[in-house]
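Note: hydrogens, waters and symmetry copies are ignored here, and every other heavy atom, side chains too, is used.
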Amino acid sequence: VQLQASGGGLVQAGGSLRLSCAASGGIFSYYDMGWFRQAPGKEREFVAAIRWSGGVTYYADSVKGRFTISRDNAKNIVYLQMNSLKLEDTAVYFCAADLERPTYYTGSYARSSRNYDSWGQGTQVTVSS
């Protein structure tokens, strides 16, 4: 499956952005999806994840209550709505697909980047003061 992330940009602190990740070449509705981010000089970190059905979501503590992950299986797109953006949200954001569809979809499983098989190219989000 190929993933194409978009929607990044420059936004002032307190503002909002919505990222999109369009999938092609696979069975999108089968895959659990995740968003990760990587700031300069830092390791890639988990942001949010969503079950193939959309019925289960997980968030990093740093974004809980501000970010919302959702998906439209008819359009093969996963979204990340980001509100109340902070300077520390500045990073390149990546979407990823887990092709394995585990029986038990736990938070610890969803948070590990090693469980994702396909990655998008990333979209830059810059939050300014």
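By the 4.5 Å side-chain criterion applied to Ile, Leu, Val, Met, Phe, Trp and Tyr, Trp52 is assigned to no cluster and stands alone.
Met33 and Phe94 are assigned to two separate hydrophobic clusters, defined by single-linkage of ILVMFWY side chains at heavy-atom distances under 4.5 Å. Note on Leu80 and Val63: same hydrophobic cluster, where clusters join Ile, Leu, Val, Met, Phe, Trp and Tyr whose side-chain heavy atoms are under 4.5 Å apart, directly or indirectly. Cluster membership for Val78 and Val1, using ILVMFWY side-chain heavy atoms within less than 4.5 angstrom, is shared.
Every residue two or more places apart in sequence or in another chain that forms a side-chain contact (heavy atoms from CB on, under 4.5 Å) with Glu100 is listed here: Asp98, Tyr109, Asp117. In this view, Tyr79 satisfies the ring pair (Phe, Tyr, Trp, His ring centres under 6.0 Å) rule with no residue, not counting sequence neighbours. Partners of Arg51 under the salt bridge (charged side-chain N to carboxylate O under 4.0 Å, His left out) rule, at least two apart in sequence or in another chain, are Asp32. Evaluation of the salt bridge (charged side-chain N to carboxylate O under 4.0 Å, His left out) rule for Lys75 yields no partner, not counting sequence neighbours. Take Phe67 and apply the ring pair (Phe, Tyr, Trp, His ring centres under 6.0 Å) test, not counting sequence neighbours, and it matches no residue.
One distance of note links SG of Cys21 with CD of Gln121; it measures 8.0 Å at 0.5 Å rounding. With values rounded to the nearest 0.5 angstrom, Arg101 atom CZ is found 7.5 Å from Ser29 atom OG.
Listed by first then second residue, pairs satisfying disulfide bond (SG atoms under 2.5 Å apart) with a partner in residues 37-77 number zero, not counting sequence neighbours. Among pairs with a residue in residues 54-64, those fulfilling salt bridge (charged side-chain N to carboxylate O under 4.0 Å, His left out) read Asp61-Lys64, at least two apart in sequence or across chains. For residues 19-38, every residue pair satisfying the ring pair (Phe, Tyr, Trp, His ring centres under 6.0 Å) rule, not counting sequence neighbours, is listed here: Phe36-Phe46, Phe36-Tyr116, Phe36-Trp119. Pairs passing the disulfide bond (SG atoms under 2.5 Å apart) check and including a residue from residues 52-89, sequence neighbours excluded, do not occur.
Side-chain atoms of Tyr59 come within 3.5 Å of backbone N or O of Ile69 as a donor-acceptor pair.
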Which atom pairs, donor and acceptor, lie under 3.5 Å between side-chain atoms of residues 86-93 and protein residues at least two apart or in another chain?
unit_1 : atom_1 : unit_2 : atom_2 : d
Asp89  : OD1    : Arg37  : NH1    : 2.9
Asp89  : OD1    : Arg66  : NH2    : 3.0
Asp89  : OD2    : Arg66  : NH1    : 2.8
Asp89  : OD2    : Arg66  : NH2    : 3.4
Asp89  : OD2    : Lys86  : N      : 2.7
Thr90  : OG1    : Leu87  : O      : 3.0
Thr90  : OG1    : Val127 : N      : 2.9
Thr90  : OG1    : Val127 : O      : 3.4
Tyr93  : OH     : Arg37  : NH1    : 2.9
Tyr93  : OH     : Asp89  : O      : 2.6

Hey, can you pull the donor-acceptor pairs under 3.5 Å for the side chains in residues 2-18, sequence neighbours left out?
unit_1 : atom_1 : unit_2 : atom_2 : d
Ser16  : OG     : Asn83  : OD1    : 2.9

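More than 12 heavy atoms of other residues, nucleotides or ligands lie within 6.0 Å of CG in Leu99, so this atom counts as buried by the packing criterion.
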